[in-house]
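Below, read A as the first sequence line, B as the second, and so on, with proteins coming before strands; counting in each chain starts at 1.
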2 protein chains.
Amino acid sequence: MTQDIVLKNIAKHISLDENEIPYFLSILKEKKYPKKSVILKEGEICKTINFVQSGTLRAFYRDSQGKESTIMFAVSDWWITDMSCFINQQPAMLNIETLEESLILHLQKEDLDDLYIKIPKFERFFRIIMQNAYIREQLRVIQNLSLSAEQRYHIFLDKYPQVAKQVTQKQIASYLGITPEFLSMIRANKNK
Amino acid sequence: MTQDIVLKNIAKHISLDENEIPYFLSILKEKKYPKKSVILKEGEICKTINFVQSGTLRAFYRDSQGKESTIMFAVSDWWITDMSCFINQQPAMLNIETLEESLILHLQKEDLDDLYIKIPKFERFFRIIMQNAYIREQLRVIQNLSLSAEQRYHIFLDKYPQVAKQVTQKQIASYLGITPEFLSMIRANKNK
DNA sequence: CCAATTTCTTAAACTACATTATTTTTTTAC
DNA sequence: GTAAAAAAATAATGTAGTTTAAGAAATTGG
């Protein structure tokens, strides 16, 4: 079953009883998206938190002048949403799109709220997910403040080698906060 | 009681029963620190998560050349720690210091782990705390990637006016990721 | 399979911010 | 209250990264 992936993901942090598994699976809605699908568009209410079974997704912010900043990539086994807008059920600041054909499990806000009540272990699960996300973002802030673009690029390659292969340099540049032209220069220097 | 502050903080997200309150308070260790105390030093194991009853704290990263990047400020009613190192009980990457005399409640890792078991509602509480921290850090990443130093400075003033009054410009500059000299220029331009 | 579009590279001119140094102002300590 | 230390301002010079533009390479769609 493809749903093995999400169950293994859950099992990293909590153990579900046999009878809890079908309930949990019943609130997930599986959907297949072709390449370049828009999963969430800025301004829309973000109704779901999303688990990537297969494929690659990108969340990005587009500023008033159209400049894009990639906030995160998500590959198989990752959770992704516009957390702020999902939690508060407000218009999204981010866009989320597929970079290739992807199989996504959607979990609705109201179903998650019920889940916390019916299976409180999920409070623990998402506490750990949020904790890890916080630690990741904070590390990224530290690196953005203290490292050069070149250092950030090499850390990105080391940390997410499989993502680096899937996405364009333009997208990597927008994740690093530099222009594609400057990334191209960094890459050219490397070979010297 | 000064401990009212932490109980009100908890009550924002969960309701404790009468009998749970004394247990929770019993695992908190209150300590008073003079100005410029070091609460956590990089390289040390980070043993506690800390609640600020009164005063102001600063968490910062110091790179190999001694350059400081301020990761967060914490004033009354905030939780602060080096989360990565607290969770994994590994040597700290961050330093935490008081910027004025401060009254801190310390919560030890092992007591927190017990607390999650004895009062599982705290899973919910810290899930929400972590969620908010994640959202905050992600917003900061977006702003670091897409806004100029000047824009970031004005957002900081709007968002944390009381912090802005308590801390030096050098510290604000290191939070924004710029030099104090450049912040001084930004401030001078403002008056034109 | 070819045309069209997108991506990547190169390079010159430019800008936001850093560095260094000096002076002035504010804070701290006895 | 005064000396010493730290913080802030100003200014000249330097640099990491941007902008603009144009050509080469790779991908995509029909």
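Side-chain N or O atoms of B/Lys32 include none that pairs as donor or acceptor with a backbone N or O of B/Glu101 at under 3.5 Å. Checking side-chain atoms of B/Thr98 against main-chain N and O of B/Pro34 turns up a donor-acceptor pair under 3.5 Å. Checked by atom type and distance alone, the side chain of A/Asn50 never pairs as donor or acceptor with a backbone atom of A/Thr81 at under 3.5 Å. For B/Arg127 (side chain) and A/Met130 (main-chain N/O), no donor-acceptor pair under 3.5 Å exists by modelled atom type. Using a distance-only test at 3.5 Å, with no hydrogens or angles considered, no donor-acceptor pair links the side chain of A/Glu97 to the main chain of A/Leu57. Formation of a donor-acceptor pair under 3.5 Å by the B/Glu123 side chain with backbone atoms of B/Pro120 is not found in this model.
Two residues, A/Phe182 and B/Glu181, neighbour DNA chain C, and the one matched to the more 5' nucleotide by heavy-atom proximity is A/Phe182. Between B/Pro180 and B/Lys36, it is B/Lys36 whose nearest contact on DNA chain D lies nearer the 5' terminus.
Distances shorter than 4.0 Å separate some side-chain N or O of B/Thr179 from OP1 or OP2 on C/dA18.
With a heavy-atom cut-off of 4.0 Å to chain A, the contacted part of DNA chain D has its first and last nucleotide at D/dG17 to D/dT28.
Atom CD in B/Glu100 sits about 11 Å away from atom P in C/dT28, given to the nearest Å. The nearest whole Å value for the distance from the CG atom in A/Leu183 to the P atom in C/dA11 is 17 Å. B/Glu101 places its CD atom 14 Å from the P atom of C/dT28, with the value rounded to the nearest Å. Atoms CG (B/Asn144) and C1' (C/dA16) sit 15 Å apart, rounded to a whole Å. What separates CE of A/Met185 from C1' of C/dC8 is a distance of 14 Å, to the nearest Å.
Less than 6.0 angstrom separates the ring centroid of B/Tyr175 from the ring centroid of B/Phe73. A distance of 6.0 Å or more separates the ring centres of B/Phe86 and B/His106.
Between A/Ile155 and A/Gln143 there is a side-chain heavy-atom pair separated by less than 4.5 Å. A/Ile87 places none of its side-chain heavy atoms less than 4.5 Å from the side chain of B/Asn132.
As judged by a 4.0 angstrom heavy-atom cut-off over every strand, B/Lys35 is placed among residues touching the sugar-phosphate backbone only.
The stretch residues 158-175 of chain B comes close to DNA chain D through B/Thr168, B/Gln169, B/Lys170, each having a heavy atom under 4.0 Å from the strand.
Checked against B/Ile104 for a side chain to side chain contact (heavy atoms under 4.5 Å, CB included), the options B/Ile80, B/Val52, B/Thr48 give a single hit: B/Val52.
Taking the C1' atoms of five terminal pairs at each end of the helix from C/dC1-D/dG30 to C/dC30-D/dG1, the two resulting helix axes are inclined by 70°, rounded to 10°.
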